Amino acid sequence: MSKKLENALLIIWVVSLTATLGSLYFSEIRSYEPCTLCWYQRIIMYPIVLISTIAYIQKNAKIALTTAVFSTIGAATSLYHYSLQKLVFMQDAAPACGRVACTGQYINWLGFITIPFLALTAFVIIAAVSFYMLKVLKGEK
């Protein structure tokens with residue numbers, strides 16, 4: 001495996017680990033109860049940490065397809081959740097999410113940075129790096 005691919009795997013691992021630890025910080029330290037859509041994003045993000053850890057140890061860059069699929073689904077979920085929070089016409093059609101409303105905003109830094117926005121950023125970075133890895137792998141054949 002080339003050094004470029006190894007570094008790309010490391011980036012995926014660092015981003016996914018940071019997102020995982022951040023979500024745990026918000027729920028366990030700050031006591032923000034996650035809504036249903038937050039759980040869906042966690043269900044998608046947490047395996048990426050394990051997958052990228054194993055792939056990095058094994059030096060297996062072919063895992064990029066898996067992380068690309070997971071991160072694309074996660075980005076779509078995060079974008080939907082973020083639009084529920086920020087777009088008024090979407091809030092009216094927001095599904096009932098159980099005890100915690102999906103339209104709620106525990107944080108709102110600078111007027112646009114919410115928890116789904118942070119997740120969206122992480123998923124987009126992971127997807128971009130994964131697609132880069134797929135391009136490099138295709139070029140090596």
Side-chain angles (χ1 to χ4, degrees), residues 1-140:
M1 183 167 72
S2 70
K3 195 68 178 171
K4 283 194 281 188
L5 290 173
E6 191 174 332
N7 289 337
L9 264 177
L10 186 60
I11 290 169
I12 290 173
W13 179 76
V14 168
V15 170
S16 62
L17 181 65
T18 303
T20 297
L21 293 176
S23 73
L24 291 173
Y25 167 77
F26 283 129
S27 64
E28 302 304 318
I29 306 293
R30 303 287 299 261
S31 300
Y32 297 160
E33 186 176 347
C35 69
T36 302
L37 286 175
C38 289
W39 276 113
Y40 292 155
Q41 292 164 72
R42 287 175 172 212
I43 289 169
I44 298 167
M45 181 63 76
Y46 291 4
I48 295 175
V49 177
L50 295 174
I51 291 167
S52 60
T53 301
I54 294 168
Y56 186 77
I57 291 169
Q58 294 179 335
K59 309 292 184 208
N60 180 8
K62 293 179 182 174
I63 204 69
L65 180 60
T66 304
T67 56
V69 170
F70 272 70
S71 58
T72 301
I73 294 169
T77 306
S78 296
L79 184 62
Y80 174 67
H81 191 183
Y82 186 65
S83 66
L84 286 177
Q85 287 183 329
K86 293 298 183 183
L87 300 175
V88 176
F89 69 94
M90 292 287 289
Q91 291 174 352
D92 296 337
C97 287
R99 293 185 336 171
V100 179
C102 291
T103 55
Q105 299 176 32
Y106 286 118
I107 64 169
N108 192 13
W109 299 331
L110 305 174
F112 70 96
I113 299 173
T114 63
I115 293 172
F117 181 85
L118 294 172
L120 176 62
T121 303
F123 282 124
V124 167
I125 291 170
I126 292 168
V129 172
S130 297
F131 287 117
Y132 166 76
M133 289 175 65
L134 290 172
K135 182 180 176 188
V136 170
L137 284 171
K138 189 176 179 181
E140 288 181 353

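Scope of the values below: all heavy atoms of this structure, side chains included, with no hydrogens, waters or symmetry mates. If you're wondering where the values come from, they're calculated on a predicted model, not measured in any experiment.
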*Asks:* OG1 of T77 to CZ of F123: how many Å apart, nearest 0.5 Å?
*Replies:* 7.0 Å
*Asks:* Between the main-chain N or O of G74 and the side-chain N or O of Q41, is there a donor-acceptor pair closer than 3.5 Å?
*Replies:* no
*Asks:* Could you grab the distance from atom CZ of F117 to atom CD1 of I107, nearest 0.5 Å is fine?
*Replies:* 10.5 Å
*Asks:* To the nearest 0.5 Å, how far apart are CG in L21 and CD in E28?
*Replies:* 12.0 Å
*Asks:* Walk me through it: do I63 and T66 pass the test side-chain contact (heavy atoms from CB on, under 4.5 Å)?
*Replies:* CA-CA 5 Å; I63 204 69; T66 304; 3.9 Å; yes
*Asks:* Please evaluate residues L79 and S83 with respect to the criterion side-chain contact (heavy atoms from CB on, under 4.5 Å), reporting the C-alpha separation (whole Å), side-chain torsions for both, the decisive distance (0.1 Å), and the verdict.
*Replies:* CA-CA 6 Å; L79 184 62; S83 66; 5.7 Å; no
*Asks:* How close do Q85 and C102 get, counting heavy atoms only, and between which atoms?
*Replies:* CG-O, 3.6 Å
*Asks:* What I'd like to find out is whether the side chain of W109 reaches to under 4.5 Å of the side chain of L118, using heavy atoms alone.
*Replies:* yes
*Asks:* Got Y32 and Y25 here, is their nearest side-chain heavy-atom distance under 4.5 Å?
*Replies:* no
*Asks:* After noting the C-alpha distance and the side-chain angles of L5 and E140, does the key distance pass the side-chain contact (heavy atoms from CB on, under 4.5 Å) rule?
*Replies:* CA-CA 11 Å; L5 290 173; E140 288 181 353; 3.6 Å; yes
*Asks:* Would you say NZ of K138 has more than 12 non-hydrogen atoms from neighbouring residues, nucleotides or ligands within 6.0 angstrom?
*Replies:* no
*Asks:* To the nearest 0.5 Å, tell me how far I57 CD1 sits from L9 CG.
*Replies:* 11.0 Å
*Asks:* Taking all non-hydrogen atoms of both residues into account, name the closest pair between H81 and P116 and its distance.
*Replies:* ND1-CG, 3.3 Å
*Asks:* Would you tell me whether S16 and Y46 have side-chain atoms, one donor and one acceptor, within less than 3.5 Å of each other?
*Replies:* no
*Asks:* With no hydrogens and no angle check, just 3.5 Å: does a side-chain donor-acceptor pair link Q105 and T114?
*Replies:* no
*Asks:* If you look at every heavy atom in A64 and T67, which pair is closest and at what distance?
*Replies:* O-OG1, 3.0 Å
*Asks:* The test is side-chain contact (heavy atoms from CB on, under 4.5 Å); show your working for N108 and K86 and say whether it passes.
*Replies:* CA-CA 10 Å; N108 192 13; K86 293 298 183 183; 2.9 Å; yes
*Asks:* Do R42 and S27 meet the criterion of a side-chain donor-acceptor pair at a distance under 3.5 Å?
*Replies:* yes
*Asks:* Roughly how far, to the nearest 0.5 Å, is the SG atom of C38 from the CD1 atom of I43?
*Replies:* 11.5 Å
*Asks:* Starting at SG of C35, measure out to CG of L84 and round the result to the nearest 0.5 Å.
*Replies:* 9.0 Å
*Asks:* Start with the C-alpha distance between Y106 and F26, add both sets of side-chain angles, then the distance that settles ring-ring contact (aromatic ring centres under 6.0 Å, His included), and finish with yes or no.
*Replies:* CA-CA 9 Å; Y106 286 118; F26 283 129; 8.4 Å; no
*Asks:* A cation-pi test, strictly: NZ or CZ of K135 under 6.0 Å from the centre of the six-membered ring of F131 and no more than 45 degrees from its axis. Yes or no?
*Replies:* no
*Asks:* Grab the two heavy atoms, one from A119 and one from S78, that are nearest each other, plus how far apart they are.
*Replies:* CB-OG, 3.6 Å
*Asks:* How close do M45 and A122 get, heavy atom to heavy atom, and via which atoms?
*Replies:* CE-CB, 3.8 Å
*Asks:* So which heavy atom on A68 is nearest to which on L134, and how close?
*Replies:* CB-CD1, 4.3 Å
